[in-house]
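In what follows, a structure is listed as structure tokens, so that the remarks can point back to it.
Computed over heavy atoms, backbone and side chain alike; hydrogens, waters and symmetry mates excluded. The sequence lines fix the lettering, A, B, ..., with proteins before strands; numbering per chain opens at 1. Here the structure is a predicted model, which is why all the values come from computation and not from measurement.
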Amino acid sequence: MATIRGTVQIQIETCKGCELCIESCPQDSLALSKEINAKGYHYAVLVQDNCTGCVNCALVCPDAVITVYRTKKGGTSRTEAEKVPVAVISHVKNDVKVVLDEVPQGGANI
Amino acid sequence: MATIRGTVQIQIETCKGCELCIESCPQDSLALSKEINAKGYHYAVLVQDNCTGCVNCALVCPDAVITVYRTKKGGTSRTEAEKVPVAVISHVKNDVKVVLDEVPQGGANI
Amino acid sequence: MNLVATNLEGLECVWAKPATLTDTPMHYCPGCGHGAVHKVLMEVIQEMGVQADTIGIAPVGCAVFAYHYLNVDMQEAAHGRASAVATGVKRLLPDKIVFSYQGDGDLAAIGTNETIHAANRGENILVIFINNAIYGMTGGQMAPTSILGMKTTTTPEGRMVETQGFPFKISDLIAMLPGAYYVTRQAVHSPTAVRYLKKALTKSIQYQKEKKGYCLVEVVSNCPSGWKMTPVEANKWMEQNMFPVYPLGDLKVEGKLVEQKHQ
Amino acid sequence: MNLVATNLEGLECVWAKPATLTDTPMHYCPGCGHGAVHKVLMEVIQEMGVQADTIGIAPVGCAVFAYHYLNVDMQEAAHGRASAVATGVKRLLPDKIVFSYQGDGDLAAIGTNETIHAANRGENILVIFINNAIYGMTGGQMAPTSILGMKTTTTPEGRMVETQGFPFKISDLIAMLPGAYYVTRQAVHSPTAVRYLKKALTKSIQYQKEKKGYCLVEVVSNCPSGWKMTPVEANKWMEQNMFPVYPLGDLKVEGKLVEQKHQ
Amino acid sequence: MTHEILFSGFGGQGVLSMGMTLTYAGMIEGKHVSWMPSYGPEMRGGTANCIVIISSQEISSPIVTQFDAVVAMNQPSIDKFEKAVKPNGILIYDSSAVIIPPTRTDITVLPVDIDREAIKLRNPKVRNMIMVGAFLNVCQVVQLSSVMKALESVLPERYHHLLDINRKALSCGEQLVIEAATPIV
Amino acid sequence: MTHEILFSGFGGQGVLSMGMTLTYAGMIEGKHVSWMPSYGPEMRGGTANCIVIISSQEISSPIVTQFDAVVAMNQPSIDKFEKAVKPNGILIYDSSAVIIPPTRTDITVLPVDIDREAIKLRNPKVRNMIMVGAFLNVCQVVQLSSVMKALESVLPERYHHLLDINRKALSCGEQLVIEAATPIV
Amino acid sequence: MSESKLMKGNEALAEAAIRAGCDGYFGYPITPQSEVLEYLADEGRRRGMIVLQVESELAAINMVYGGAGAGKRVMTSSSSPGISLMQEGLSYIASAELPCLIVNVNRGGPGLGTIQPSQGDYFQATKGGGHGDYHLIVLAPSSVQEMADFVYEGFDLADKYRNPVMILADGALGQMMETVTFKEYDPQKHKLEKKWATTGKTPDRERNIVTSLFIQPEKMEGVNKGLQEKYRRVREHEIRYQLISADDADIILVAYGLAARICSRAVELARHRGIRAGLMRPITLFPYPYPVLRKMSPRLQSVLVVEMNSGQMVEDVRLGVEGRVPVEFYGRMGGMIPPPEEILEQVERLAALHKSAPVSKEAVKGKASRKSKSELHEIIER
Amino acid sequence: MSESKLMKGNEALAEAAIRAGCDGYFGYPITPQSEVLEYLADEGRRRGMIVLQVESELAAINMVYGGAGAGKRVMTSSSSPGISLMQEGLSYIASAELPCLIVNVNRGGPGLGTIQPSQGDYFQATKGGGHGDYHLIVLAPSSVQEMADFVYEGFDLADKYRNPVMILADGALGQMMETVTFKEYDPQKHKLEKKWATTGKTPDRERNIVTSLFIQPEKMEGVNKGLQEKYRRVREHEIRYQLISADDADIILVAYGLAARICSRAVELARHRGIRAGLMRPITLFPYPYPVLRKMSPRLQSVLVVEMNSGQMVEDVRLGVEGRVPVEFYGRMGGMIPPPEEILEQVERLAALHKSAPVSKEAVKGKASRKSKSELHEIIER
Ligand SMILES: Cc1ncc(C[n+]2csc(CCOP(=O)(O)OP(=O)(O)O)c2C)c(N)n1
Ligand SMILES: Cc1ncc(C[n+]2csc(CCOP(=O)(O)OP(=O)(O)O)c2C)c(N)n1
Ligand code: SF4
Ligand code: SF4
Ligand code: SF4
Ligand code: SF4
Ligand code: SF4
Ligand code: SF4
Ligand SMILES: [Mg+2]
Ligand SMILES: [Mg+2]
């Protein structure tokens with residue numbers, strides 16, 4: 001079972017769904033949401049727990065909406081069970097949780 | 001006694017006395033007059049009969065005031081005796097002959 | 001910030017938006033290179049600790065609002081005159097870091113004269129030149145840097161030499177000027193490109209501190225809206241069609257022309 | 001004409017002022033290169049028989065009155081815009097021969113943009129560029145082409161890089177542009193130089209007839225008044241000090257760069 | 001009789017052509033018409049809108065601030081233009097793109113689930129024409145037939161293969177049964 | 001009392017500094033003064049001139065068209081300005097540079113052979129100061145001493161080694177006996 | 001007559017340029033008028049016109065100089081900042097008396113300002129933004145139809161007087177779509193022979209010189225007198241304007257372009273409230289219809305000038321009425337557009353001031369009575 | 001006080017700039033004002049000023065924008081065609097409210113024209129040659145002394161109102177030499193702190209932005225209202241003018257700059273002939289001394305405007321007197337200068353028209369009575 005080496009947080013309200021981060025992710029950890037944000041964009045979300053924290057996505061993101069985290073040296077890595085929630089839509093007016101639809105697990109850890 | 005191979009005519013009223021023709025003459029045939037023209041310039045005059053009609057002076061003259069003549073192939077060349085008068089000042093108001101002061105004969109034909 | 005703090009212990013932040021960028025969301029279209037360049041520039045300014053000494057000049061072009069995002073003192077110049085305005089600022093505040101940020105229309109069309117003479121005087125400034133081969137802001141007209149055959153709203157049949165002349169490689173010309181100290185051509189389409197750009201900008205600002213003179217950093221960039229492509233398509237098109245005309249790399253380093261750069 | 005006809009029989013005229021020059025005495029200072037260039041240009045136009053097809057553009061500069069002397073249709077352009085005006089004329093009268101005649105201030109300072117973009121579009125025109133390294137008409141101020149250390153009314157200590165930058169070799173830049181077909185640097189200080197210039201101008205007009213594109217003929221010239229020298233001194237100074245910075249010869253022939261030209 | 005209508009949504013949702021189609025139809029019917037788009041950089045990834053005026057007499061001002069009807073394709077449009085509807089006017093909007101519905105009670109508020117219809121037609125590209133149809137259904141400023149004709153002129157030649165699907169979308173929208181949202185009191 | 005004087009000649013003959021010297025002298029004497037040069041391209045190898053006004057009251061216009069005195073250093077100046085001398089005014093000129101003398105009989109015409117004097121002084125460069133001297137001789141607008149003082153300010157530092165020869169030229173001119181030319185009737 | 005189209009003002013203007021036989025267009029993109037260049041780069045080129053997108057407005061206006069000097073029908077278009085860059089060129093063109101057409105689709109200034117519609121360039125257009133004594137002939141359209149019509153008129157006036165003509169529109173007129181019909185116009189019938197143009201000095205004539213340089217002030221004064229005399233003729237013959245409900249009006253609104261359209265609505269509304277309001281719309285801003293104002297001023301209660309600027313035209317209105325009637329101003333700036341209701345308020349305020357006559361049949365019907373430019377023209381002649 | 005020098009107007013102006021603590025000058029040569037650049041390139045540099053001869057007037061004005069935005073005292077100078085090239089830049093500077101000094105040594109236009117003195121740029125200077133609603137504060141010197149004095153005044157006004165100030169001179173004032181004395185002036189005492197300037201965003205403050213872009217029309221309208229309010233304050237407080245023999249005058253001449261000098265002579269001559277003539281010389285062309293004209297117009301027989309142009313200021317004079325007294329004009333154009341005698345003729349013609357009162361002691365002595373600006377200023381206040 002996969003262990004988390006890194007993760008990203010995406011400011012989805014300012015994400016414009018340009019997909020450049022998705023293109024640049026070597027791990028295919030990112031995808032566009034089905035939902036749109038208040039600006040009408042489908043936004044990027046982390047859809048796998050295989051993020052390595054390589055910062056590629058953050059580097060190419062034109063709107064600087066991605067923050068990248070990596071496991072501290074010697075820090076305890078965590079399991080599926082305790083994934084970091086990846087995103088929260090906060091609508092301009094009131095907060096509404098976004099429901100991410102199931103994405104097929106894939107990649108290295110099948 | 002020298003024979004004329006070429007000669008020049010200089011429009012002295014529009015000559016500005018820049019001396020570029022004099023510089024460029026391989027024969028030292030040209031000099032500045034003592035007199036000034038109506039514009040106040042000492043003007044170029046032919047002072048020797050050794051002009052070869054090489055056109056150097058005409059080429060460099062910025063004001064295009066020099067006309068160059070050369071002996072026709074087979075044309076009879078002429079002697080000292082019948083030099084071509086080189087210039088006439090016509091003052092803006094009335095014509096006045098210019099008196100060229102004697103210049104020492106020199107060059108090839110001594 | 002509209003992120004909810006969540007259990008991140010055990011994790012350290014390895015990349016976050018530089019504090020030298022304001023929180024104002026940028027108005028650029030999705031995937032536009034302008035945003036990426038802003039981000040890198042501000043990272044550099046933050047890391048070099050020159051925020052308080054920096055004065056930027058915004059162009060007229062899509063980056064006209066740059067001052068909403070770059071958290072440094074800025075002036076908004078008339079179209080094409082950013083290099084002249086930068087000269088005015090730098091000559092009177094010689095100890096500040098002064099940069100102008102200009103598009104291809106701004107720098108290489110209407111502003112050609114001011115651009116070239118600033119370089120020829122060896123003004124001790126940094127000029128950032130965003131070459132997206134089009135007039136983005138006004139809706140996708142041809143730019144002097146548009147490549148041959150490129151379709152724009154003013155070249156519906158594609159750019160033709162007869163009516164529009166050749167793609168204008170102004171950086172190559174500027175590199176020829178003794179006043180120019182560092183001239184380079186970079187991009188932001190990939191993580192690697194972004195890392196290179198960061199180096200180039202860092203160098204330039206270092207050079208300016210050392211009063212070495214004029215630095216020009218051209219960034220070959222995209223304009224998804226103007227090109228009528230998705231950002232991903234746009235970057236691919238850029239790699240395939242623009243890089244051959246505008247090859248990436250240094251044109252002049254420390255006052256010396258990098259050879260091979262002469263067509 | 002105020003010559004008295006005298007006995008010239010036996011003699012044939014081997015050089016006379018071309019009929020394409022008017023009889024108006026030129027206003028230029030004694031020994032000024034402008035006159036010489038006018039003369040050569042008009043010889044060429046006469047010999048090529050294109051007087052009726054030629055339209056000239058005068059600059060703002062000492063040659064502002066060129067139309068008093070050149071007996072062809074002419075337009076007087078705003079300072080620095082002669083290349084733009086020439087473009088307007090040529091685009092609408094593509095079968096005419098169109099030339100602009102510009103000084104260094106006109107072409108390489110205020111007019112840099114119009115000059116460079118006309119070349120980059122490959123406008124099918126001839127641009128004659130009189131480089132006397134000074135602003136003659138306005139009384140001897142520095143020009144972008146003034147050489148380092150040169151004293152002018154605006155560089156009393158001599159031109160210094162810090163405040164004024166480097167002598168601007170715009171012809172070298174223009175030669176780099178694909179739109180430029182023929183770029184050459186000539187002079188009028190000697191009979192030989194005059195003969196070369198005549199060849200260059202003849203070529204250029206021939207090229208234009210053949211629609212080959214943009215031709216630039218730079219003439220390194222003098223300004224005795226501005227330089228505060230006699231014409232003879234001026235030409236010597238020019239040979240010793242200007243030719244090293246602006247070496248005579250072709251920079252680009254039939255669209256190909258002549259090597260060695262890259263500093 | 002003068003109709004002053006605002007179409008508003010994201011750039012790319014085709015709101016400008018919605019308005020243009022209606023305007024064209026008005027012209028076909030020999031009415032006085034004017035179409036005024038929002039323009040400039042605020043369009044960069046932002047919202048677009050256009051004002052359409054269709055009238056029996058000469059139109060004095062192409063720009064008005066109060067509308068007989070507002071057609072809103074997204075949330076920001078509602079946020080911005082709900083207050084711009086004249087009393088007793090119409091506010092029709094795409095309910096599938098809106099989270100916070102309008103609240104005014106002095107106007108007729110008409111939600112339309114464009115998504116559902118678009119999915120039926122298996123074509124997301126014609127959402128705008130569905131809305132135009134729906135709008136005509138509740139506010140007959142012009143004949144549907146004129147709009148059908150108008151399409152030919154509005155769609156560039158090279159897109160004429162899309163005429164049919166757009167026509168379908170129009171009539172689909174036009175046949176929708178739309179009931180006014182019961183105002184939240 | 002107001003004196004309006006014109007100095008005219010070829011560019012390079014130093015007519016501008018002639019006028020400037022006189023103006024400076026006027027200022028030294030606490031008079032109201034103005035000096036107005038001809039400027040611009042007409043100077044290219046052409047003629048230069050300047051208008052000098054020295055007055056006991058404020059000067060309203062630095063530019064006048066009629067003069068109490070005209071100082072002419074060449075033929076074109078006579079051709080152009082003879083008519084600009086006020087009746088009973090003075091026209092003083094360098095006879096060695098002029099072929100056709102003035103013809104007016106209602107003014108005092110004063111020829112001065114500057115050449116001869118310059119040759120005496122073995123210095124052609126000071127012709128203009130000789131003329132200034134001569135002018136003062138016939139028209140005492142200012143004291144010779146003031147002009148001498150003025151020279152120091154008018155001559156740039158780097159030329160101060162030439163002060164003496166210029167002073168000589170001045171007094172030489174000032175001592176000349178000039179008789180009015182008998183008018184050609 | 002040809003069928004009517006739905007077009008943007010900018011496109012209609014461009015289409016009319018092609019139909020007017022415009023030989024060359026030189027321009028640089030700027031909102032809100034880039035459609036002119038875009039339309040011509042497509043349609044114009046296809047139909048044989050020389051269309052160049054050039055490096056700047058500066059280059060454009062000087063290419064226009066060259067093309068006009070070569071005897072061709074040429075034009076350029078831009079918006080406020082771009083027009084400012086053309087001021088030197090315009091002064092040269094006016095001085096050299098070159099006929100050509102310049103279009104300013106006015107946006108909000110000063111500076112970079114905003115791209116929204118404005119009338120802030122009135123002074124620049126009418127008093128001469130460039131140096132020296134000169135005037136452009138300035139036409140102010142107020143509909144997409146006029147955006148097209150004034151192109152023909154503009155080119156004809158330019159040729160007739162050898163004077164640059166400016167069409168002063170605004171962002172709304174450029175961007176909005178309206179119905180437009182293109183009238184029959186045969187350029188060949190309208191283009192005049194230009195003997196003075198630089199087309200090559202044939203042996204049968206002296207060389208032609210296009211210049212604005214006259215170094216001797218006497219000469220230059222002569223040139224200036226010539227220009228002034230020309231402007232006098234233009235003032236005498238070319239004044240254009242429109243009157244709406246003016247005959248019996250107590251309150252006259254004065255507005256041009258888009259503002260005039262809005263005022264006409266305001267006048268309608270006022271008439272419905274029984275206020276005798278009317279509108280004078282200058283169509284030529286130079287020459288300005290002073291005589292019309294002078295004529296009507298004595299019998300007016302008040303004049304209300306409405307502009308999308310700080311009140312620049314007010315000066316011309318005051319010069320027209322010369323104190324015979326109070327002149328008030330209402331305007332919006334920086335790209336804002338005054339809605340008819342706002343203007344109505346002002347009219348009502350003025351009416352209250354003068355407690356103008358109660359509603360009357362005749363007052364209401366007044367709004368119908370429009371006079372054509374030509375009719376009124378005579379009124380001025382006498 | 002410092003001793004007096006004999007200097008050209010251009011040089012006096014340049015010397016004053018150095019003494020006024022001007023930090024930077026950016027310019028391009030043009031006759032008849034190149035001496036300004038030449039003097040500063042020598043003296044100015046030596047005395048620590050940043051002096052750049054740049055590639056064009058366009059570059060110069062935008063460098064001025066940059067330097068002024070950086071909070072420094074900066075200036076440029078040029079003549080008519082060069083000033084036309086600065087119009088876009090001036091509009092930006094006015095909109096961004098940057099204090100700076102622009103000098104126009106006016107020559108004869110339009111076009112390349114002539115280099116002789118002229119006043120043909122009056123409209124351009126006073127109505128705004130650039131796009132949008134803005135005004136420069138315009139000072140019109142009429143002596144070499146004022147060429148110097150108005151530099152201090154200009155910089156102070158610019159700083160006080162954050163507004164560009166123009167000194168509108170002419171070729172004669174620039175080229176002529178007169179006696180000039182430089183007053184004591186300590187720049188440090190006059191320079192204001194400029195908190196808004198871009199000098200680097202220190203942690204203790206928000207970033208400063210110098211811009212003229214306000215894309216939302218509402219915002220832009222706000223900016224415009226701010227500008228208009230500023231201009232109102234300028235009109236209220238900064239009107240400057242001079243009256244000569246005006247108190248008892250039947251005929252008032254209105255002229256500025258060089259023309260005013262010549263008129264003052266004409267007034268003297270007229271007084272000697274027993275004609276009660278006087279002169280009103282506007283010193284600020286914006287703000288224009290309308291109130292002075294309004295005040296005096298009722299008791300005048302006629303007004304004669306004298307300009308070295310086609311009569312541009314006549315409009316402002318007419319706006320001032322509003323028909324209460326006939327306004328006549330006499331002018332020369334294209335670089336010609338009207339001699340006092342010509343003007344006198346006009347005055348006599350007018351006097352004859354009104355067969356004004358015979359010569360009287362008091363009429364003659366009238367010419368002595370001059371009022372200082374300050375005194376008169378009060379007259380306006382009340
Ligand atoms: C004097 C002037 N001319 C034209 C414009 C219109 N304009 C604004 S931005 C622009 C060009 C934008 O292209 P670029 O400089 O390449 O910037 P981009 O938007 O592509 O980043 C133009 C022509 C203007 N604002 N001012
Ligand atoms: C817009 C404008 N700026 C400046 C000038 C003044 N001016 C006239 S000619 C000239 C430069 C002359 O130098 P150059 O072009 O080298 O010609 P030259 O006289 O040396 O032959 C200048 C600055 C002008 N006429 N117009
Ligand atoms: S790159 Fe940034 S803006 Fe684009 S999709 Fe990814 S997160 Fe969103
Ligand atoms: S940090 Fe690397 S691995 Fe993680 S999402 Fe971003 S690009 Fe993918
Ligand atoms: S070159 Fe010509 S102008 Fe010069 S001196 Fe000789 S003849 Fe005279
Ligand atoms: S033609 Fe030749 S030889 Fe004769 S004068 Fe001229 S230069 Fe001398
Ligand atoms: S138009 Fe082009 S350059 Fe401008 S923001 Fe959009 S993508 Fe970027
Ligand atoms: S000033 Fe110089 S360039 Fe001009 S005419 Fe005289 S010498 Fe020739
Ligand atoms: Mg671009
Ligand atoms: Mg030169």
Side-chain angles (χ1 to χ4, degrees), chain C residues 80-81 83-84 87 91 94 105 107-124 142-148 159-181 211 213-214 245 251-252 255-257 259-263, chain D residues 80-81 83-84 87 91 94 105 107-124 142-146 148 159-181 211 213-214 245 251-252 255-263:
Chain C
R81 319 304 170 196
S83 291
T87 300
R91 288 281 176 169
L107 179 140
I110 194 169
T112 305
N113 197 357
E114 292 74 20
T115 304
I116 286 183
H117 280 280
N120 190 60
R121 277 191 308 269
E123 294 296 340
N124 189 26
M142 180 196 75
T145 50
S146 299
I147 64 179
L148 293 181
R159 180 179 189 162
M160 284 172 296
V161 170
E162 300 62 43
T163 40
Q164 309 296 1
F166 295 86
F168 183 41
K169 303 163 114 189
I170 191 168
S171 300
D172 296 38
L173 296 198
I174 286 174
M176 304 273 297
L177 299 171
Y181 186 73
K211 306 210 182 305
Y214 184 90
V245 184
L251 292 117
K252 192 175 198 180
K256 276 170 230 47
L257 276 171
E259 276 316 324
Q260 128 269 338
K261 277 269 122 286
H262 292 149
Q263 64 261 77
Chain D
R81 320 303 171 197
S83 290
T87 300
R91 289 282 176 168
L107 179 139
I110 193 169
T112 305
N113 198 356
E114 292 73 22
T115 302
I116 286 183
H117 280 280
N120 191 59
R121 277 191 308 268
E123 294 295 339
N124 189 27
M142 181 196 74
T145 51
S146 299
L148 293 181
R159 180 180 190 161
M160 285 170 295
V161 170
E162 301 62 43
T163 40
Q164 308 296 0
F166 296 86
F168 184 39
K169 303 165 113 184
I170 191 168
S171 299
D172 296 37
L173 295 198
I174 287 174
M176 303 274 297
L177 298 172
Y181 186 73
K211 307 209 180 307
Y214 185 89
V245 183
L251 292 112
K252 193 176 197 181
K256 276 171 232 41
L257 276 171
V258 178
E259 273 320 320
Q260 129 269 338
K261 277 268 121 285
H262 293 149
Q263 62 259 80

#### Entry: chain D interface, residue from C/Ile174, C/Asn124, C/Leu173 that has the most non-hydrogen pairs under 4.5 Å
C/Leu173
### Message
For D/Ile110, which atoms come within 4.5 Å of any heavy atom of chain C: side chain, backbone, both, or neither?
### Response
backbone
#### Entry: Residues in side-chain contact (heavy atoms from CB on, under 4.5 Å) contact with C/Pro144, at least two apart in sequence or another chain
C/Ala108, C/Ala109, C/Tyr135, C/Phe168, D/His117
## Note on the structure
All heavy atoms of D/Leu257 vs all of D/Ala175, minimum pair found to be CD2-O, 3.5 Å
### Query
If only atom types and distance count, is the side chain of D/Lys252 paired as donor or acceptor with the main-chain N or O of D/Asp172 below 3.5 Å?
no
### Message
At a 4.5 Å cut-off on heavy atoms, which part of D/Glu162 comes close to chain C: side chain, backbone, both, or neither?
### Response
backbone
### Proximal component of D/Ile116, with respect to chain C [non-hydrogen, under 4.5 Å]
side chain
### Message
Applying side-chain contact (heavy atoms from CB on, under 4.5 Å), can you list everything that pairs with D/Ala118, at least two apart in sequence or on another chain?
### Response
D/Ser83, D/Thr87, D/Arg121, D/Glu123, D/Tyr214
